[in-house]
Amino acid sequence: MNGPAIAFEGVGLILGRTTVLEDLSLRIAAGSIHAVVGPNGGGKSSLVKSLLGQMPHRGTIRLDWRSDKPGVVAYVPQSLDFDSGLPMTVEDVLAILCQQRPAFLGPSRALVKQFDAALDRVGMADKRKRRFGALSGGERQRVLLAQALIPAPDLLILDEPMTALDEAGAQIFEELLLDLKDRGVTVLWVEHDLAQVRRLADRACGLNRHLLFDGPPAEVLAPERLLDLFATAPRRSLLKAAS
Amino acid sequence: MSFETLRALLQGWAGAGYLPGSLTYGFLVNALLAGLVIGPVLGGLGTLVVTKRLAFFSEAVGHAALTGVAIGILVGEPYTGPYGSLFAYCLLFALLVNFMRNRTGLTSDTLIGVFLSVSLALGASLLLILATRVNIHILENVLFGSVLTVDDRDLTILLVVALGVTALTLPLFNRLLLASFNPALATVRGVPVKAMDYLFILLVAVVTVASVKIIGAILVGALLVIPAAAARVVSTSLRGFFFLSIAFATLSAIAGILLPVELTLPVPSGGAIILASGLLFLGATLSRLALRRTNA
């Protein structure tokens, strides 16, 4: 199974009286790493939540799988909302996320090897018994990356996964991303680190309520485009207001 | 094995000196059986209540039982066990709180505060009306729990509720937790988040109502919270948290039922159970502090 193509067609989202996304049409190629960049409040996370069915949006979002049976979708959120004092180890978190058997009984035998492999992949194998709440932000982010590998994903949705990562974590993330690409996994990657996007993504799109650009990162992440992207009001809106 | 046979067996052992002498009384055996059934369920469910930060909600559902009792007696149910009104009112209360939480934009504690106050006001008003019809002191048993009033019908209801709640909670334990950690991630993992939210509050409401006879409407929420809080203080893993909470809740139930009779203390069972769990919480907190000082 390889990753699906994703089609956003005329997607709009209004929360209260605020327009978060407006008439967004975008196609993400199967098996590509597609980055979404833009200012805070530009609608990046809302786009992800719409894709995950968490927000009632207008328009159509479609996953075009290569076979009749849908593959595995994985998601790496920015964080988990939990009491950091909870007596919950890294292994417990993976058990809660990945297995049916109650997590307080420990990992199921069938998944122990997968837990080991995923934690090893993100450099957290020696911290499986550590309390999750006692980990640093970067270490927690690595655990969230590890959970996305169980089971092996066909579509991976990443919501700013590098925010808390240190240099070693960023290196691990980069290797992971390239490995997933080799395996034909489609990756939708919301990111604010433009240097990383330029190096790792196949395509990048700029989002500030509207889709401002979409293309190869080397072309679209030019200084003029970025000025447009991170301006307080998108230039298109300013031009429309002036005319 | 029927309750009668089990009761006779335990009374026999008590008579032979293998169990505390107070268990030669049938009513106390009933109360002990109720405690042994409901203690582990409340302890286990309590870990989810604490993790999902629903302690105030579970307290509120317990307090809502007061109004449920008043309505039950008003509509002609027996004052020793107005289960129809209790279940109906508490389930309605829990469902309404959750329904409004998703729609008003208010934080949970504010919304629960509103519902709790209104519900208590309604209950207090109805109880005043009832004061002219029944001896209001009889209601103390329902409010604070009593070992004297647990009968075979109560035990049957407790057993059915305990088995039902366990059968639903254990296979859905991870899903119930994940729904509160990150709804988007839960959805990707195939968890129906809203359904899990509603299911959990219904489980809390049902367990609360079933426990009213032994612990009392006012205090039942506390046995969902205190043992789990004590276990959380001393545990280092989810396994320890879950099983210690069950152990603390069961121990509190047994101690709260037997000690007042053995020591001839004029304390209602509900009060004694919660005081016992409070002592366990104090012990857990002190042991944590001592451990920290040793490690420092």
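Letters go in sequence order (proteins before strands), and every chain restarts at 1.
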Within residues 134-147 of chain A, which residues come under 4.5 Å of chain B, heavy atom to heavy atom?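 Under the 4.5 Å heavy-atom cut-off, Q147(A) qualify.
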Suppose a student defines contact as a heavy atom less than 4.5 Å from any heavy atom of chain B. Which residues in residues 49-57 of chain A would they list?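 When heavy atoms of chain B are the reference, residues 49-57 of chain A contributes L52(A), Q54(A) within the under-4.5 Å range.
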Can you see whether F243(B) has R239(B) sitting over its ring - NZ or CZ less than 6.0 Å from the centre and within 45° of the normal?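 Geometry flag: not set, cation outside 6.0 Å or 45°.
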For [X], is it the side chain, the backbone, both or neither that has a heavy atom under 4.5 Å from a heavy atom of chain A?
X: T236(B); answer: backbone
X: F181(B); answer: both
X: R232(B); answer: both
X: T169(B); answer: neither

Test side-chain contact (heavy atoms from CB on, under 4.5 Å) on K181(A) and L200(A); report intermediate values, then the result. CA-CA 10 Å; K181(A) 187 187 168 180; L200(A) 298 172; over 6 Å; no
Would you mind telling me which of [options] has the largest number of heavy-atom pairs within less than 4.5 Å of chain A?
options: P183(B), P171(B), A186(B), G240(B); value: P183(B)
options: V50(B), T51(B), V191(B); value: T51(B)
options: T47(B), L172(B), L178(B); value: L178(B)
options: L170(B), V188(B), V234(B), T187(B); value: V188(B)

I need the minimum non-hydrogen distance between [X] and [Y], along with the two atoms involved.
X: L42(B); Y: S211(B); result: CD1-OG, 3.9 Å
X: T186(A); Y: G31(A); result: OG1-N, 2.9 Å
X: A60(B); Y: I112(B); result: CB-CG2, 3.4 Å

Largest heavy-atom contact set with chain B, pairs under 4.5 Å, which of A95(A), G85(A), A74(A), G106(A):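 Most heavy-atom pairs within the cutoff with chain B belong to G85(A).
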Count the heavy-atom pairs under 4.5 Å between each of F82(A), Y75(A), F104(A) and chain B, then report the option with the highest count.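 The residue among F82(A), Y75(A), F104(A) with the greatest pair count is F104(A).
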Chain B heavy atoms under 4.5 Å from I157(A): which part of the residue, side chain, backbone, both or neither?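 Contact with chain B involves no heavy atom of I157(A) at all.
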Provide the full list of side chain to side chain donor-acceptor pair (under 3.5 Å) pairs with a residue in residues 24-35 of chain A, sequence neighbours left out, each pair given once.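 For residues 24-35 of chain A: R27(A)-D64(A), H34(A)-D214(A).
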Does any non-hydrogen side-chain atom of [Y] lie less than 4.5 Å from one of [X]?
X: L111(A); Y: L94(A); result: no
X: L177(A); Y: L158(A); result: yes
X: Y198(B); Y: F99(B); result: yes
X: D92(A); Y: F241(B); result: no
X: L21(A); Y: L207(A); result: yes

Results of side-chain contact (heavy atoms from CB on, under 4.5 Å) for S45(A) - residues two or more places apart only: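 For S45(A) the side-chain contact (heavy atoms from CB on, under 4.5 Å) partners, ignoring immediate neighbours, are Q78(A), D159(A).
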Please walk me through it: do D154(A) and R66(A) pass salt bridge (charged side-chain N to carboxylate O under 4.0 Å, His left out)? CA-CA 11 Å; D154(A) 298 303; R66(A) 293 183 192 182; over 6 Å; no
Do other residues, nucleotides or ligands put more than 12 heavy atoms under 6.0 Å from R103(B) CZ?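 Yes, because the 6.0 Å sphere around CZ of R103(B) holds more than 12 heavy atoms from other groups.
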Crowding at CG, N40(A) (>12 non-hydrogen neighbours, <6.0 Å):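 Counting other residues, nucleotides and ligands, CG of N40(A) stays at 12 neighbours or fewer.
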